[in-house]
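Below: one structure, written as structure tokens.
Numbered from 1 within each chain, the chains take letters A, B, ... in sequence-line order.
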Protein chains: 2
Amino acid sequence: MNAKVRTAVRTLEAFEAFGRSQKPLTLSELARAIGVPVSSCHGLVATLRNRGYIYSVGNNRRVYPTRRLLDVAEAIVRNDPLLEFVEPVLTRLRDDTGETVILGTREGDGVVYLEVVEGLHTIRYSAKPGEIKPLHSSAIGKVVLASLDEGALAKTLARIALERITPATLADEDALRRDLEDGRRRGFFVTRGENVADVMGMAAPAAPGGQALAVALAGPIERMDRSFDAHAERLLVAARELSGLGAD
Amino acid sequence: MNAKVRTAVRTLEAFEAFGRSQKPLTLSELARAIGVPVSSCHGLVATLRNRGYIYSVGNNRRVYPTRRLLDVAEAIVRNDPLLEFVEPVLTRLRDDTGETVILGTREGDGVVYLEVVEGLHTIRYSAKPGEIKPLHSSAIGKVVLASLDEGALAKTLARIALERITPATLADEDALRRDLEDGRRRGFFVTRGENVADVMGMAAPAAPGGQALAVALAGPIERMDRSFDAHAERLLVAARELSGLGAD
DNA sequence: AATAAGTTTTCAATATCTCGAATATTTTGA
DNA sequence: TCAAAATATTCGAGATATTGAAAACTTATT
């Protein structure tokens, strides 16, 4: 169930490494950066060069990606079936609350972030699209769990380990079920430092085009608490707006 | 010497397929799009989902990439060691000539396009960064060949097949050598339908930050011919500008 | 509601990639 | 300039992914 195809992962990790390093790398630097033997990295780099995804910079042996990956990524996003419609709603929610806004959905036994609009404060919850979070300790994950019927919920809870990630994590099934019940009643779900210390998340279900997603607001507990009720109300408005979008 | 690591290629081809298809694909559609057995595609898709690079859209079984790839690609380009400086020069050249401008370099036994600024005409030479062109039948390739000393040139010509791609391709070594000599004398190199029928390219060496690159102008033969001298002169100005940039 | 057509998933033999070690090359430092 | 260190490349045994085939599941059609 975990990542399977090693080379696929490595290929993407190589690009991520360039994104982090912010400069051309030699073969061995790249190998070190992605934790791969130099000899294996050698073949990968040769392949990517052959394909025009990376090129050798200058006269030395360093390589760097061409714009090709950006080009592919832009073509993909240009035609994204979803995000075009939802982006304005998320940005308004961010502007009204000042906190980071996230759109996410279930992916396997986790949650994947589809879109992140970062908050306006210097201290803010920071995340990237594509990040994976646990079902039991993220606000969006609780939305997902709460949407399951009893049978599916029991099976899912049995399968996923309720790993204690912080002292506040609800690692106990009964506590988690009570928390889900609270959320169902309120219409939104909350985490208080259960996944990252000091972070509060609140999330509500949203179904743009009929697709089951969730929208979340996240920031430092202290600041979020001060505006808890206003933020919650604003979040629910955004969730309703999203659900009205895109007949798809 | 050709592409070696199969999965690396497939991974990128999968993303390219989404860029082309412009919509979510089922597993078998994706497999068909990239010419891979469904069973193999299955593992690849599972891996990419695990990594947050793709997610399942809607309730059906279609998948589409998240913004994660774009995020990585943007981080890479944000810190591109080269393109920040050269882009304005290329764009001015494009604006002054109306034709497509390309920055390229040698990569193995081919040429890779690093940057493309497309022309302003409806009918124009269209290309993408990362495309690979032959050394012997592209204007940039001729710049590369002409920069080699006799020993390296002989070895390279022996290694690469002078494939006849169009009727106009210089598939004969003597003819190609004479053409290179002409180019050296003029200071720039020309192709006339040698790689793509109806396309004329002209290229000159440029060395921003000391790195051996080439800048090219490409468009329909008929239109390029009408402004041949002016374009050539303008191209050489741009090449000089580029070579003065970026101490690196 | 049943059948057919298409799609996804699993499986184990096989083709391919991976990795450490050895070799070759380049860079660094004196 | 030479020696030492670092880096890149090659190679074969072993680890891993790939594949067609078959089973399980969905969706479309009658």
Review point. Does any N or O in the side chain of B:Thr26 come within less than 3.5 Å of the main-chain N or O of B:Arg62, such that one atom is a donor and the other an acceptor?
Key: no

Review point. To the nearest angstrom, how far is B:Glu29 atom CD from D:dT26 atom P?
Key: 18 Å

Check your understanding: Is A:His42 near enough to D:dA8 that one of its side-chain N or O atoms lies under 4.0 angstrom from OP1 or OP2?
Key -> no

Exercise for review: Enumerate the residues from residues 14-28 of chain A whose closest heavy atom to DNA chain D is under 4.0 Å, giving them by residue number; use none for an empty result.
Suggested key: A:Thr26, A:Leu27, A:Ser28

Check your understanding: Under 3.5 Å, side chain of A:Asp179 to main-chain N/O of A:Ala175, donor-acceptor pair present?
Key -> no

Check your understanding: Which nucleotides of nucleotides 11-22 of chain C have their base under 4.0 Å from a protein heavy atom (B), which only their sugar-phosphate (S), and which neither (-), written as one string 5' to 3'?
Key -> -----SSSBB--

Practice item. Would you please indicate yes or no on a ring centroid separation below 6.0 angstrom for B:Tyr64 and B:Phe18? Key: yes

Check your understanding: How would you list, by chain and number, every residue that makes a salt bridge (charged side-chain N to carboxylate O under 4.0 Å, His left out) with A:Arg10, sequence neighbours excluded?
Key -> none

Practice item. Starting from C1' on C:dT7, measure out to CZ on B:Arg32 and report it in whole angstrom. Key: 9 Å

Revision key, fill the gap. Checking A:Leu170, A:Leu180, A:Leu157, A:Ile165 against A:His136 for side-chain contact (heavy atoms from CB on, under 4.5 Å), the one that qualifies is A:Ile165

Exercise for review: Go through the steps to decide whether A:Glu16 and B:Arg68 satisfy the test salt bridge (Lys or Arg N to Asp or Glu O under 4.0 Å), and finish with yes or no.
Suggested key: CA-CA 10 Å; A:Glu16 291 170 16; B:Arg68 182 167 188 181; 3.1 Å; yes

Check your understanding: Side chains of A:Asp71 and B:Lys128: does their closest heavy-atom pair fall under 4.5 Å?
Key -> yes

Review point. Hey, mind stepping through B:Glu29 and B:Arg61 against salt bridge (Lys or Arg N to Asp or Glu O under 4.0 Å) and telling me if it holds?
Key: CA-CA 11 Å; B:Glu29 285 169 341; B:Arg61 336 206 124 242; over 6 Å; no

Revision key, fill the gap. note: A:Leu30, atom CG; D:dA6, atom P; distance rounded to Å ~ 19 Å

